[in-house]
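Below is one structure; the comments refer to it alone.
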Amino acid sequence: MATQHTIQLHRSMYMAQAVRDAIRVFEDFANFAMVSDEHHYTVTIQDVDPEVDGDLAGEFCNFALAHTIERKRRTPK
Amino acid sequence: MAQHTLERFDANTNTAVLSLDAGVYPIDAVYGAAYALIDRAFVLLDKEANPSGKGSRFLVQLRGKRTLDQAAVEALSGEFGNELLSQALRRKVVKQNNKIIEEIVTQAIAGATGASLPQDFVDDDDDDLDFLDDPLGIAVPWEEKFKTDTKKGA
């Protein structure tokens, strides 16, 4: 049975561009879909490549968070 | 009331959820603490209204990259709390010293580009001196300087 992960990333804490960057980096290993509502970006991860060793959803979250932080640090206030 | 608390721990998913009062910790401190743990845990940040109805709170989900027991997850949560305080303090110190930092950086950049320095830094007393000039007689050998005095003393 194919597993599906649904991740909710709060819009005030994650930058949309960082989430899109993360999807672009990981899309070779699974199918990603992203929708946004009032508060969250909801990312659905399906059909993870069986060859992938490790926690793809966790790595995706860390990548999105790290890129958000790095982008915010680069952006002058 | 504690300002950050271990909200729940799930041994099956190896996950702890911390809640932080958003009125106490700036978002940048939360980012800094999360960034420090990113090599050891999967971190997911969320935000929601406080159950009390006043303000909001951050929810920090920490999932160990390796299987952790409750004590290890609690230690990780404690480390997150310490890092959070450290980040908050660093931000406060930077904010307090911002003007001094800016001034030092400005002077350093001005010096490096050859721009004019503030008057305090300019020594205009010895404009006519060459580097070979020795008005204080420092380069005169000791024997030469005190030769006559030694003879007089003898």
Side-chain angles (χ1 to χ4, degrees), chain A residues 1 3-23 25-27 29-30 32-46 48-49 52-77, chain B residues 7 10 12-23 25-50 55-68 73 76 80 83-84 86-88 90-91 94-95 98 101-102 105:
Chain A
M1 193 182 82
T3 52
Q4 175 178 313
H5 301 278
T6 302
I7 301 165
Q8 289 204 307
L9 305 170
H10 202 278
R11 292 176 67 125
S12 71
M13 311 200 77
Y14 290 84
M15 290 176 82
Q17 189 56 51
V19 179
R20 281 194 285 269
D21 285 349
I23 290 174
V25 166
F26 288 96
E27 68 186 355
F29 308 107
F32 288 82
M34 175 181 164
V35 289
S36 50
D37 60 27
E38 190 185 350
H39 296 296
H40 290 94
Y41 302 113
T42 303
V43 178
T44 310
I45 307 174
Q46 286 178 322
V48 178
D49 187 337
V52 169
D53 181 24
D55 187 332
L56 187 84
E59 295 293 353
F60 173 82
C61 289
N62 275 4
F63 190 98
L65 178 61
H67 269 242
T68 296
I69 295 169
E70 283 161 10
R71 280 177 174 274
K72 285 194 183 242
R73 282 180 183 166
R74 282 202 302 263
T75 311
K77 291 181 180 174
Chain B
E7 191 81 4
D10 184 348
N12 295 326
T13 56
N14 206 23
T15 303
V17 178
L18 300 171
S19 71
L20 318 167
D21 191 333
Y25 296 105
I27 180 71
D28 287 341
V30 179
Y31 280 146
Y35 201 76
L37 292 190
I38 228 165
D39 60 330
R40 279 173 289 159
F42 298 118
V43 185
L44 182 65
L45 303 180
D46 202 359
K47 192 177 181 184
E48 65 174 26
N50 253 332
S56 57
R57 64 179 187 164
F58 298 122
L59 293 175
V60 182
Q61 183 182 302
L62 298 172
R63 186 150 45 89
K65 288 191 176 180
R66 292 179 300 131
T67 308
L68 304 172
V73 171
L76 196 66
F80 182 86
E83 190 61 38
L84 197 59
S86 164
Q87 293 284 337
R90 282 177 60 180
R91 285 181 51 78
V94 168
K95 207 172 177 182
N98 203 23
I101 293 168
E102 274 178 15
V105 171

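Here is how names work: the chains are called A, B, and so on, in the same order as the sequence lines, proteins then strands, and each is numbered from 1.
- When heavy atoms are compared at a cutoff of 4.5 Å, B:I27 approaches chain A solely by way of its side chain, counted from C-beta outward.
- Counting heavy atoms of neighbouring residues, nucleotides and ligands inside a 6.0 Å radius, atom CG of A:D53 does not exceed 12 of them.
- Between the side chain of B:D28 and the backbone N or O of A:I69 there is no donor-acceptor pair closer than 3.5 Å.
- Note that the OH atom of B:Y31 and the CG atom of A:L65 stand 7.5 Å from one another [nearest 0.5 Å].
- With values rounded to the nearest 0.5 angstrom, B:K47 atom NZ is found 13.5 Å from A:R11 atom CZ.
- Summarising the geometry, atom CG belonging to A:N62 is positioned 10.0 Å from atom CG belonging to B:L37; distances are rounded to the nearest 0.5 Å.
- Side-chain contact between A:Y14 and B:L44: present, with at least one pair of heavy atoms (C-beta onward) separated by less than 4.5 Å.
- Only the side chain of A:E70 comes within less than 4.5 Å of a heavy atom in chain B; its backbone stays farther off.
- Within 6.0 Å of CZ on A:R71 lie more than 12 heavy atoms contributed by other residues, nucleotides or ligands.
- Neither the backbone nor the side chain of A:H39 comes within contact range of chain B; no heavy atoms are under 4.5 Å apart.
- Looking only at side-chain heavy atoms (C-beta outward), B:D46 and A:H40 come within less than 4.5 Å of each other.
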